[in-house]
Every structure is written in C-alpha cells, then in structure tokens.
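Heads up: the structure comes next, in structure tokens.
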There are 2 protein chains.
Amino acid sequence: MKRAKLSDREERILRSVIECHIKTAKPVSSSAVVRNRSVPVSSATVRNVMRSLEEKGLILQPHTSAGRIPTDAGYRYYVDNVMEPRNLTEQERADLEGGFASLATGDLGAVVAGVSRMMSDFARQLAVTVAPSGEREVIEQVKLVSLETDRILAVATTRAGLTRSAVFELGREEVGGKLADAAALVTEWLSGTPVGDAERTVKSRLGAVPEPTRRVIAALLATSPRLFRLRGAERVHYEGARYILRHPEFSHNAAFIGEIFDDEEALADLVRGHAESGGVSVTIGGENPKKEMKHMSLVVGSYRIGGTFGQMGVIGPTRMRYGRLVGLVDYVSEILDELFSGRGRRTRRSPDKAADGDRG
Amino acid sequence: MKRAKLSDREERILRSVIECHIKTAKPVSSSAVVRNRSVPVSSATVRNVMRSLEEKGLILQPHTSAGRIPTDAGYRYYVDNVMEPRNLTEQERADLEGGFASLATGDLGAVVAGVSRMMSDFARQLAVTVAPSGEREVIEQVKLVSLETDRILAVATTRAGLTRSAVFELGREEVGGKLADAAALVTEWLSGTPVGDAERTVKSRLGAVPEPTRRVIAALLATSPRLFRLRGAERVHYEGARYILRHPEFSHNAAFIGEIFDDEEALADLVRGHAESGGVSVTIGGENPKKEMKHMSLVVGSYRIGGTFGQMGVIGPTRMRYGRLVGLVDYVSEILDELFSGRGRRTRRSPDKAADGDRG
DNA sequence: CTTAGCACTCTCTAGCCGAGACTGCTAAGA
DNA sequence: TCTTAGCAGTCTCGGCTAGAGAGTGCTAAG
C-alpha cells in the first residue's frame, strides 16, 4: 500500500524524529526537532506538522503529552523515501574485504560462519547467514578412495567447485576390487544431476548393476545424507548474540530470542524468502510474519553460489540504523558474489583461490 | 575447605530449604519447612536450626524477616553430602541411548552438536559440548586424490578413526604425476605423529625432497590449517539458549550470556579444565573464576576420543536440580566413552559403526 | 531442649502529591 | 492563510506515606 508523498517539511520532520529516536530511544518532542535545526520554524509549527504525521499513521505518542515515536509505517516511509543508504567509506570497504579474503577456506561452513561474524562486528547487531540449499547444485563427479582395511572415502564435487565427503565402511572382500568401477558408474549417472536428485537417481539405477559393484554403490547410497546434505550448523550461522541481548527492549522477549538461537530452521526461515532478486530487503517490525518479531527489523541480502541463492542479513530492534545497514548488506552481497562466481563463472575455481586472486 | 559435618536434623533442614528454594525460587520460611514434613518439630525449632545454619554460612536471609535462601556454600554442602545423584530411569536411559545412536554419523561436528542438543533437551538447561582438541590424535595416513583438472583432495585419517579432508589447487603439469609419491612420503613422515606436530614435521622434512614432489607437498602444507585443525563450530557447540534466557534471574546479565554465545573459546574455557579425571564435576556460583558467572552453576563431565578428552556439561542458575543433572552428565559420559572407545580400542572402527553395532 | 506467643522488622502495594515535560488550543501577528 | 507566542491541560515519574502481610528473634513456660 503506497502512501501519499509527504511535503518537504513533513519529510524533514519525520526524518528528524526518526533519527533522533534512533539515537536516544526516547520519544522526540517538538522542541527537540527545532533544536536539531532540521527545519527553520517554531516548535508550535512543528507540533502542527507532527499532528498531521500522526494522522497519517507515521508517528505516534506513547501517551498524551509525550514526544512522538515512529510507527512501523513511519520507518517504512523513511526507508523507502527519505534515508540515503550510507555507502561505506574506503577504510570500511578495505577492512571488510580483507576479512573476507582471510576467511576464504573453500569450506562452506567456514564461509557462512565468517560472513556472520564480520557483518555482526561491523553492524554491532545480530547477523545471520544462510548457505544456499545446495539442492540445485549440479554434481560433477563422485570418487571413491580406499582408506584402510575396510573404510572408504566418498567425495562428490559440484560444478560450482564445492566438495563434500563422507566415510563408510565395507570389507575389502565385499568390494572385490570394483571400487573404481562403482565410482565411474555413479559419476556417469550423476554428472550433471542436481544434488537434490542424487539419492533418487542412484536408487533407481541400482537394480541393474551386477553384484560386487552393486554392494559398493548400496553402501555409498547409505551415506548419502552425509554426502549430499548439509548439516544445520553448516547451513545456518549466526553471530552477535551479545548485541541483541544487550538491548533493553529485548529483555522481555529474551525467551523468543533463545528459541531462535536454538532452532536453525526458524533462523533460516526468517531471512529466507527475502531478497532472492539480488537487492536488499528491509522488513520492519510488524511487517514480519512472526508476531514475536514485531519490535525487530531485518535487513537481508542474497548471494549466489552456483545455481542457488543464500541469504545473509542483520536482525535488530526496529530502532536501527537502516541507512548504514543497507549499505553494509549491499556491499557484502557484492563481495560474496564476486567471491563465488569468480571472474566469469566458467573458470570453476575453488572459492579460496578466487579470493586469493582478488587480494594479491 | 572442608566444613564440619552437620547433625542429621541440620542436614534435613538444609535439604528442605534447598529443594524448596529450587522449586519456588523464593526464600523459604521456617513454616514452609515444617509444612514439608522434613522434620517433626515446630517452626520455632526450625528457626533455631536455621539460625545456626546461617551462622555456618550455608543459608542467608535476603533481608530481616524474610525466609532463607541457600548460599553457594550451602549448595556445595548439599551437592557433596546430602543429595543423591539421581540415576536415570530405564525409560530415560533408553531415550538417550536411542538418540545417541541416531546421531552417530562419524562426523565429529555432528556428534558434538547432537550431544549438546540431547543434553539440553533432557536437562532443560543450556548444554555445551567441547570436542577433544585432537592435537594429540595420532595420524595414520594421508592420501591425495586428484579431483579434476587442477584440484586435489587431501585426506588424513587418525588411529581413532576420525577423518579430515581439505581441497587445494595445483596444476596438473606442476604435479608431474608425483601425487602418489607425495602422499606416500607424507604418510611415512606422519604415520604415528600427533596431529598437533604434523605441520612442523612436514615443514622440517620438506627441504630434502626433489622438485616435482616437493611442490605438491608444499601445496599440501598450505592447506594444513584446514586439514589438521578444527574450526570453532566443529569444536564447541551449545544448545538450549532458550532455557537460560527464560530464567528471569538472567535477564539482567543477558549481555554476558550473549558474549558467551558469541565466543566459542570462552564457552570452551568454561567447561574445559573440569573433570579430566572421568568423574562429574560441579561448580557452584561464586566458585566460578568468572565473576559474571556468580549466579550460575556448571555440571561437567568428560569423554574420551583416542588419546584426548572432550567435555560436555550443563550451565544453569545456581538454583538447579543438581541430583538430576549429575545423573545425566554421568550417564552421557558413559555412553560417549562406549561410543568412541568401542569394544577394545584396537578395533579402530569409525564412530558411526561402533554405534550401529551397539544398537543392533 | 522444645515450643507457644508476641513484638518487631522489613517488604510490598496502593494511593497521593508535586514537579516536569509536552501537547493542543487560542488568539494575535505576518 | 500560515506562523507563532502564550497558556491551560494532561500525563509520567519519583518520592513519600500508610497499612497489610510475612516471617523472624526473643522470652518464658513446659
């Protein structure tokens, strides 16, 4: 629902109220707005304008004869029409970029953890990163390596250059020297198949395979949850609990925050679904589907690995510095895209190398 | 500092005060103790005994004319002399054992996460699990597998049956067909060496190796942090934030709890150093080195993988159900030891298999 | 040594008051 | 018509008081 455009003066006053409230966490009085010099009029005039802003639902008084605080709609107007997404300074960009280069280890779990950590440190807010589901990542090949007596390492690589591995156990006599055959066969089946379909594909082809090889593939199949699926901790990572818990406004629903921390799925759901398109999405207070979140806002962006999107974002009180955070998320999403798609995405380089390249 | 043994009546009254306080979170009055039927005397007598318990420093009054609450020393006496570590029921044991069997995937990170989750669910408290450092795990072999054009997978296995892997990049022409040679050489160097010494050992031997092989080993060496060291999230895991945040007594130092959540090292430090000996260790309130923890207690136990110990424990308010938690931690430590040492630790089975075996 | 009884202390809640902070309104001025 | 000074009105907040309730310590009797 689009709101009518405000007059210039209304906009200035709305802005002043919001920015002052973000700083002080207190209701903003007409005289405070005048003191800010955001508008060259008297407090009585400001009061009149505030009244009209209140009628439009953009600000409200907690009680008669208090100052005004922004409503969700007020923040929404501010985010959409008033604020300037703050571009990061050269220094800040350099710091972030340096950090990302050093966390590039090729291991998705470490990347996800590192992104959260850096965003959280920068924003001084809770940050969450969700890895792409990987379901639509396309498999390149599967290898089987005999480790010792009876243990076998299965390694799957994807077109985007990620690697997953898992160990399983099978007696040497059961393998009957058919390890390489089994790997070649599975690679033939799966090459070009999305990870999400791997299990089904192998299952459907298994029947036609003669016995010693078949046993090997069956054992491989049993490990597929480990080989093809990401564990919770590898898929979702948050950082910055201290910031959100420090906010006095959250001490009352600390229990909800605790539940979020414990439930990776819930956490992922919060940021998933926003910003698949590549922009930065801001969700304010009551716009959130979860009612427990009605005093929190989300700033979420996305990045892309191979064919699928992951998300990263910042969660804080509605009273947050939107301009700064939008700038941050935007820049991080840019860096991550660079990191994973490399220069022209056919080069099929491992993420660490891409980063090393960027740096030196 | 050992305290004098209390009389039977004193002990009963101390116990009554503590157990009632644990239930209600409120100061316990003399009449409440009488109501509990823990002692067949009048409230006036109870008051006299309470006075002497107060002189001994085991309980105190928040203010004149309030009931008594236990001091840390009171809890300490209770834990050491009064409470019965509650053994788990058959049902509870079965539940836990079932859970552990299902989480056995051979991946240390998943085990650590799963142990925390189960303990937390059971105890309804924050639970923390620390993986053994692995520094003293002994390497068995190192393999190198060529993945595609220019990527190589390094796999290290240890005597205890854990596997770590990492990918690095090296052009085919640079390898010069010496991949197998390099792996054999490194295995020869490292077989029997503790993981913690691996990097140093390889570095010191590298000089004497002729060139094409040398390049390969040098590249391998560059990946060693990934290959031989555990990432934070794999090493420490907590679960049950919701429980600790739900406690009203913690809302005031929520900030500290947030910091704990954010800092895996701090979390690990809290439980490390307790209970290397195999027993269950209880740390109560002010006994804790960190002053922020002066209203929290820890119940910690240890388990063993290969040569080193990991810890797992429960963190909650001093007002916690010690008997139950000691029983839990004790049982979990027993299960984990079984899971990882298998039947006779020379069988060198991967953890998942050991668990599968236990189950059926 | 135990216990009934009682005076005493301290907390907790509700209610009240005055100070302070802002507002809305009104009426005068540009 | 818009702006502004001035003022009355409203609401919060902190401090204060009073009364009820809870629980103790003490005393003296059993």
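Each chain gets a letter, A, B and so on, in the order its sequence line appears, and its residues count up from 1. Keep in mind that what you see is a predicted model, and the values were worked out from it rather than measured.
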Taking CD from A:E10 and P from D:dT3, how many angstroms apart are they, rounded to a whole number? 11 Å
Got a sec? Which of residues 21-31 of chain B come in under 4.0 Å of DNA chain D, heavy atoms? B:S29, B:S30
Rounding to an integer number of Å, can you tell me how far B:M50 CE sits from D:dA22 P? 17 Å
Spacing of B:E54 atom CD relative to D:dC26 atom P, expressed in whole Å: 11 Å
Using a cut-off of under 3.5 Å, enumerate the N/O to N/O pairs linking the protein to nucleotides 13-17 of chain C.
none

Under the side chain to side chain contact (heavy atoms under 4.5 Å, CB included) test, which residues partner A:E54, sequence neighbours left out? A:I59, A:L60, A:Q61, A:R68
Tell me, please, which residues at least two apart from A:S42 pass side chain to side chain contact (heavy atoms under 4.5 Å, CB included). A:A44, A:T45
Provide, to the nearest angstrom, the distance between the CZ atom belonging to A:R51 and the P atom belonging to C:dC22. 18 Å
Testing A:M296, A:Q125, A:H295 one by one against A:P317 for a side-chain contact (heavy atoms from CB on, under 4.5 Å), which residue passes? A:Q125
Which pairs with one or both residues in residues 19-29 of chain A pass side-chain hydrogen bond (donor to acceptor under 3.5 Å, both in side chains), sequence neighbours excluded? A:R15-A:E19, A:E19-A:Y78, A:S29-A:S31
Going by the rule salt bridge (charged side-chain N to carboxylate O under 4.0 Å, His left out), which residues pair with A:R324 if we only count those two or more places apart in sequence or in a different chain? A:E92
Which salt bridge (charged side-chain N to carboxylate O under 4.0 Å, His left out) pairs, counting each pair once, include a residue from residues 31-53 of chain B, with sequence neighbours left out? none
A:R242 atom CZ, neighbour heavy-atom count above 12 within 6.0 Å: yes
Which residues pass the side chain to side chain donor-acceptor pair (under 3.5 Å) test with B:D95, not counting sequence neighbours? B:Q91
For A:P62, all residues meeting side chain to side chain contact (heavy atoms under 4.5 Å, CB included), sequence neighbours excluded: A:P27, A:A66, A:I69
Contacts of type side chain to side chain contact (heavy atoms under 4.5 Å, CB included), residue B:S120, not counting sequence neighbours: B:A127, B:E239, B:Y243
Considering every strand shown, what is the Watson-Crick or G-U wobble mate of D:dG30 when both distances are under 3.5 Å? C:dC1
d(CG, B:L53; P, D:dG25) in whole Å: 12 Å
A:R68 side chain near C:dG24 phosphate (N/O to OP1/OP2, under 4.0 Å): yes
Closest nucleotide of DNA chain C for B:R9 versus for A:A66: which of these residues is on the 5' side? B:R9
Just by protein heavy atoms under 4.0 Å, how would nucleotides 4-14 of chain D read 5' to 3' in B, S and -? BBB--BBBS--
Who passes side chain to side chain donor-acceptor pair (under 3.5 Å) against B:Y75, sequence neighbours left out? none
Output the rounded distance in Å from CD1 (A:I59) to C1' (C:dT23). 12 Å
Measure the distance from CD on A:E55 to P on C:dG24 and round it to the nearest whole Å. 10 Å
